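A short write-up of the structure that comes next.
The structure displayed is predicted, hence computed values, not measured ones. Numbered from 1 within each chain, the chains take letters A, B, ... in sequence-line order.
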There are 2 protein chains.
Amino acid sequence: MGKCEQCIIKQFNALKSLSKEELVRISGCKTSMTVKKGDVIFEEGDSINGVYCVKDGICKLSKLSSNGKDQIVKIVVKGDLLGQRSLITGETANLQATALNDMELCFIPKNEIVNDLLNNSKFSFDVLKEMAHDLKKADDIIVNMAQKTVRQRLAETIIYIHDNFGTNPDGTLSVLLSREDFANIVGTAVESAIRVLSQFKKEGLITTIGKRIKINNVEGLKRVE
Amino acid sequence: MGKCEQCIIKQFNALKSLSKEELVRISGCKTSMTVKKGDVIFEEGDSINGVYCVKDGICKLSKLSSNGKDQIVKIVVKGDLLGQRSLITGETANLQATALNDMELCFIPKNEIVNDLLNNSKFSFDVLKEMAHDLKKADDIIVNMAQKTVRQRLAETIIYIHDNFGTNPDGTLSVLLSREDFANIVGTAVESAIRVLSQFKKEGLITTIGKRIKINNVEGLKRVE
DNA sequence: ATAGATTTATGATTTTGGTCATATTTCATT
DNA sequence: AATGAAATATGACCAAAATCATAAATCTAT
């Protein structure tokens, strides 16, 4: 099992603000785990009792709506933490976390980290910053959901994934999402998402290679009305 | 000018975690101000350089969308803080704050409070909790925006305002919003919001007295499909 | 009190997107 | 390689909501 203080992943999240001693202590009580594509890491209502540090892989955070659809709220990737919000409020999970591909996670129990939050103000300020950033993003998504068309939201989603998670050597988006996932990010029906993607293809904005998507014309996508 | 350490308002927000000494210091550098209904307290892109503590009145936090509509993201009332998010990330405001009625505010400069965030971990943990709560609410709004109808969202908005901000003696919602404000919370056209309200009236779920709204049948509103 | 402006209200029409049906393609498993 | 299941794709139709037009009510300022 790897050591937190040597783990490169810690650089990408608030754990970087912990001292070497704190990291050594956490290292001693963390548990590493792997989850397979499609596995649910936690679901709404679960008491998580800790945070997960994503060492590898990608997962989606979603919430089941009363109409039976699963709205995706955030994509979490290597380097991110998972479950901080519940840790802080002490509430059960508000969202479900589902692996989008095979993942490697470290689980840090609540007790270990809550003390650091209360005693290491640099750490808690850093968590605060991440939370503030998430809140800004969430506000922006609300505005988009409320005011933009499915076409615009889908175009923006493709660009977002491209810009934040990168591409494979062939130029396709490195995060492979099903059409249903796209629909659940955008908040639309699967058929509508597919239809809009077909439209984008016809307009030369994207190419699809199987279910993979490649952007041909970023500027065009940004201009989608 | 009132003293922070004696201000009843501090009980309702994270300022309650500050020591008497910290509050006395802040008291010495805060500025009280009043803003009139309709006044913009800050707009998107402004450097706020501090936080506002709402002593009286109500304001909306909104963001202008590219389609020209102003999406309301949150209603802020007496006791809440305003501008914490920007304070923490050091970014300019992501949202515009507009007074919905005459307000009394205290402005606390950034310098004063950032030190407390870094040194008083109880305070920063408390701010963290509020932010985590806001984030949960924002996630829930995303799901509602994406998956529910205008009818459902408007019904929920009326219930939300009723439950959180209370009613006048005559039973009408104490927060008086224009039909346009309702439309901008729900994320719909003004005409659609008005139409749905008329529908609710016909169904006996609400009564309107001028622009004021009174709930007649909470259970019915909750059951709106 | 009155004119003008703003807000609320309602109807007609169009657009967007959802639902249902049905192919077609892709993928996993034997 | 063959088969069945799941995902992708497309058409037809329907429902929800946007837009445009216009009227009625309410508010504001002289």
Side-chain angles (χ1 to χ4, degrees), chain A residues 36-38 65-71 98 100-102 144-158 172-173 176-203 206-214 224-225, chain B residues 36-38 65-71 98 100-102 144-158 172-173 176-203 206-214 224-225:
Chain A
K36 294 222 170 304
K37 180 179 172 173
S65 177
S66 46
N67 67 359
K69 283 190 187 154
D70 202 41
Q71 179 65 36
T98 313
L100 288 169
N101 50 30
D102 293 352
N144 286 343
M145 284 291 173
Q147 304 289 353
K148 296 193 176 171
T149 63
V150 167
R151 226 175 113 76
Q152 289 173 308
R153 290 184 337 246
L154 189 45
E156 285 180 15
T157 300
I158 294 170
T172 57
L173 300 181
L176 180 59
L177 297 171
S178 67
R179 302 296 191 249
E180 190 178 10
D181 285 330
F182 275 107
N184 291 345
I185 293 173
V186 168
T188 190
V190 183
E191 298 95 322
S192 297
I194 290 173
R195 229 180 284 272
V196 173
L197 285 176
S198 299
Q199 197 60 37
F200 286 168
K201 248 195 298 190
K202 277 189 197 143
E203 295 167 25
I206 62 170
T207 320
T208 58
I209 305 165
K211 61 166 61 175
R212 297 192 167 275
I213 292 171
K214 183 178 168 182
V224 160
E225 286 288 314
Chain B
K36 295 224 169 303
K37 179 177 174 175
S65 177
S66 47
N67 67 0
K69 284 190 187 154
D70 201 42
Q71 179 64 36
T98 314
L100 288 169
N101 49 31
D102 292 353
N144 285 343
M145 284 292 173
Q147 305 289 353
K148 296 192 176 171
T149 62
V150 167
R151 228 175 111 75
Q152 288 174 307
R153 285 176 354 237
L154 188 46
E156 286 179 14
T157 300
I158 294 171
T172 57
L173 301 182
L176 179 59
L177 297 171
S178 67
R179 302 297 190 248
E180 189 179 11
D181 285 330
F182 275 107
N184 292 344
I185 293 173
V186 168
T188 190
V190 183
E191 298 94 320
S192 297
I194 290 173
R195 231 180 283 273
V196 173
L197 286 176
S198 300
Q199 196 60 37
F200 286 168
K201 250 195 295 188
K202 277 186 198 147
E203 295 167 25
I206 63 169
T207 320
T208 57
I209 306 165
K211 60 166 58 175
R212 298 194 166 273
I213 292 172
K214 183 178 168 183
V224 159
E225 286 289 313

Expressed as a whole number of angstroms, how long is the span from I206(B):CD1 to dA9(C):C1'? 13 Å
side-chain hydrogen bond (donor to acceptor under 3.5 Å, both in side chains) filter on S192(B), not counting sequence neighbours, yields none
Give the rounded distance in Å between these two atoms: CG of D181(A) and P of dA6(D). 16 Å
Can you measure L197(A) atom CG to dT10(D) atom P for me and round it to whole angstrom units? 10 Å
Using a 4.5 Å cut-off on heavy atoms from C-beta on, say whether the side chain of F182(B) contacts that of I213(B). yes
Set of residues satisfying side-chain contact (heavy atoms from CB on, under 4.5 Å) with respect to T172(A), sequence neighbours excluded: N168(A), D170(A), I209(A), R212(A), K214(A)
Listed partners of D70(A) passing side-chain hydrogen bond (donor to acceptor under 3.5 Å, both in side chains), at least two apart: S62(A)
Please write out the pairs of protein N or O atoms and N or O atoms of nucleotides 3-5 of chain C separated by less than 3.5 Å, giving the distance to one decimal.
none

How close or far is atom P of dT22(C) from atom CD1 of I194(A), stated in whole angstroms? 18 Å
Sorted by chain and number, sequence neighbours left out, side-chain hydrogen bond (donor to acceptor under 3.5 Å, both in side chains) with S198(B) holds for none
Going by the rule side-chain hydrogen bond (donor to acceptor under 3.5 Å, both in side chains), which residues pair with K201(A) if we only count those two or more places apart in sequence or in a different chain? T208(A)
d(CZ, R179(B); C1', dA24(D)) in whole Å: 14 Å
Under 3.5 Å, which protein N or O atoms sit close to an N or O of nucleotides 15-20 of chain D? Give each pair with its distance.
unit_1	atom_1	unit_2	atom_2	d
dA17(D)	OP1	V150(B)	N	2.6
dA18(D)	OP1	T188(B)	OG1	3.3
dA18(D)	OP2	T188(B)	OG1	2.4
dA18(D)	OP2	A189(B)	N	3.4
dA18(D)	OP2	S192(B)	OG	2.6
dT19(D)	OP2	K69(B)	NZ	3.4
dT19(D)	O4	R195(B)	NH2	3.0
dC20(D)	N4	E191(B)	OE2	3.4

Output all residues satisfying side-chain contact (heavy atoms from CB on, under 4.5 Å) with K202(A), sequence neighbours left out; order by chain, then residue number. none
Any S198(A) side-chain N or O less than 4.0 Å from OP1/OP2 of dT10(D): yes
Rounded to the nearest Å, what distance is computed from the CG atom of residue L154(B) to the P atom of nucleotide dA9(C)? 12 Å
Are any protein N/O atoms closer than 3.5 Å to N/O atoms in nucleotides 28-30 of chain D? If there are, list each pair with its distance.
none

Using the side chain to side chain donor-acceptor pair (under 3.5 Å) rule, collect all pairs that involve residues 180-190 of chain A, keeping only residues at least two apart or in two chains. K60(A)-D181(A), S178(A)-D181(A)
To check you understand the geometry: which heavy-atom pair defines the closest contact between K37(A) and L100(A), and what is its length? CG-O, 3.4 Å
Counting C-beta onward and ignoring hydrogens, is there a side-chain heavy-atom pair between I206(A) and L197(A) closer than 4.5 Å? yes
Using a cut-off of less than 4.0 Å, is there contact between a side-chain N or O of K211(B) and OP1 or OP2 of dA25(D)? no
Write down the distance between CZ (F200(A)) and C1' (dA9(D)), rounded to a whole number of angstrom. 16 Å
Have a look at the helix from dA1(C)-dT30(D) to dT30(C)-dA1(D) and give the angle its two end axes make, five pairs each, rounded to 10 degrees. 50°
Acceptor/donor pairs from residues 145-157 of chain B side chains to any protein atom, 3.5 angstrom cut, sequence neighbours excluded:
unit_1	atom_1	unit_2	atom_2	d
Q147(B)	OE1	N67(A)	ND2	3.2
Q147(B)	NE2	Q71(A)	OE1	2.9
K148(B)	NZ	N144(B)	OD1	3.3
K148(B)	NZ	E156(B)	OE2	2.7
T149(B)	OG1	Q152(B)	N	3.1
T149(B)	OG1	Q152(B)	OE1	3.4
R151(B)	NH1	E203(B)	OE2	3.2
R151(B)	NH2	E203(B)	OE1	3.1
Q152(B)	OE1	T149(B)	N	3.0
R153(B)	NE	V186(B)	O	3.0
R153(B)	NH1	K148(B)	O	2.8
R153(B)	NH2	V186(B)	O	2.8
R153(B)	NH2	G187(B)	O	3.4
E156(B)	OE1	N144(B)	ND2	3.2
T157(B)	OG1	R153(B)	O	2.8

Can you check the F182(B) CZ to dT7(C) P distance for me, whole Å? 15 Å
